[in-house]
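Every number for a ligand or one of its atoms is a count from 1 in the order of the listing. Because only heavy atoms are used, hydrogens play no part in the values below, and waters and symmetry mates are left out as well, while side chains stay in.
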Amino acid sequence: MTKTIIYPGTFDPITNGHIDIIERSLLLFDEVIVAVATKSTKNPKFTCDTRISLIKEVFAHNKHVHVKQFSGLLTTFAQQLNVYVLLRGLRAVSDFEYEFQLANMNRKLCPKIETIFLPATNNYTYISASMVKEIADLGGDISDLVPKTVEIALRKTNC
Ligand code: ADP
């Protein structure tokens with residue numbers, strides 16, 4: 001039986017931290033579905049289509065990574081796919097409170113759903129998409145934080 005996990009998020013844009021979580025999840029699961037939220041309270045810089053294309057470009061070589069968008073409840077989306085395991089990354093204790101609440105709320109909405117957390121790799125604990133965007137806006141070097149294709153997209157939006 002194929003083991004599949006859903007990795008939901010805004011991915012505005014995808015960073016090396018997200019990529020590390022996806023790659024490590026494939027040591028535990030056969031397939032990962034990166035679920036990009038069309039609507040977000042975070043007021044994304046990139047359109048959903050662009051966020052999806054960037055992820056697809058990064059994982060073009062990996063047929064086990066699938067990218068889909070979702071707009072309603074994550075639990076409804078998961079049920080439609082018949083996948084009941086969610087993946088989230090934890091960078092610091094500060095992530096924990098929100099992630100714990102989210103995992104429990106998702107399980108309340110759909111009791112079959114479980115959330116699995118992977119701790120961020122040391123080198124990536126300080127990377128967040130919002131900080132990457134801020135540094136790019138201010139002309140800083142983001143080459144160690146995101147893949148080349150994302151760096152180019154961020155530079156273009158700042159022209
Ligand atoms: P959301 O808006 O749902 O928080 P994000 O795209 O910001 O979406 O993050 C998606 C998931 O990836 C979250 O679980 C977040 O904690 C995790 N994540 C973000 N950056 C990193 C990182 N550098 N290392 C590990 N996990 C991360």
Side-chain touch K45/L154, heavy atoms, less than 4.5 angstrom =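 Answer yes - side chains close enough.
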inquiry  = Within the 4.5 Å heavy-atom criterion, are K133 and P13 side-chain neighbours or not?
reply    =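 Yes, at least one pair of side-chain atoms sits under 4.5 Å.
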message = Main chain of K42, side chain of S40: is a donor-acceptor contact present, judged purely on distance under 3.5 Å?
response =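 The answer is yes, because a donor-acceptor pair under 3.5 Å joins these two groups.
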Atom pair OG1/NZ of T10 and K39 - distance to nearest 0.5 Å =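 If I round to the nearest 0.5 Å, the distance is 13.5 Å.
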key: Mutual orientation of the aromatic rings belonging to F11 and Y7 [parallel < 30°, tilted 30-60°, perpendicular > 60°]   =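 Perpendicular: the ring planes of F11 and Y7 meet at over 60°.
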ask   = Is it the case that T121 and N123 place a side-chain donor and acceptor less than 3.5 Å from each other?
value =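 Checked: T121/N123 side chains show no N/O donor-acceptor pair below 3.5 Å.
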Distances under 3.5 Å, N/O of ligand 1 against N/O of the protein: list each pair and its distance.
residue  : atom   : partner : partner atom : Å
ligand 1 : 2 (O)  : T10     : OG1          : 2.5
ligand 1 : 2 (O)  : K42     : NZ           : 2.6
ligand 1 : 3 (O)  : R88     : NH1          : 3.0
ligand 1 : 3 (O)  : R88     : NH2          : 3.3
ligand 1 : 4 (O)  : K42     : NZ           : 3.0
ligand 1 : 4 (O)  : R88     : NH2          : 3.3
ligand 1 : 6 (O)  : T10     : N            : 3.3
ligand 1 : 6 (O)  : F11     : N            : 3.0
ligand 1 : 6 (O)  : H18     : NE2          : 3.2
ligand 1 : 7 (O)  : K42     : NZ           : 3.0
ligand 1 : 8 (O)  : T10     : N            : 3.0
ligand 1 : 12 (O) : Y7      : OH           : 2.7
ligand 1 : 14 (O) : R88     : NE           : 3.1
ligand 1 : 14 (O) : G89     : N            : 3.0
ligand 1 : 14 (O) : G89     : O            : 3.3
ligand 1 : 14 (O) : E99     : OE2          : 3.3
ligand 1 : 16 (O) : G89     : O            : 2.7
ligand 1 : 20 (N) : R91     : NH1          : 3.4
ligand 1 : 23 (N) : Y124    : O            : 2.9
ligand 1 : 23 (N) : I127    : O            : 2.9

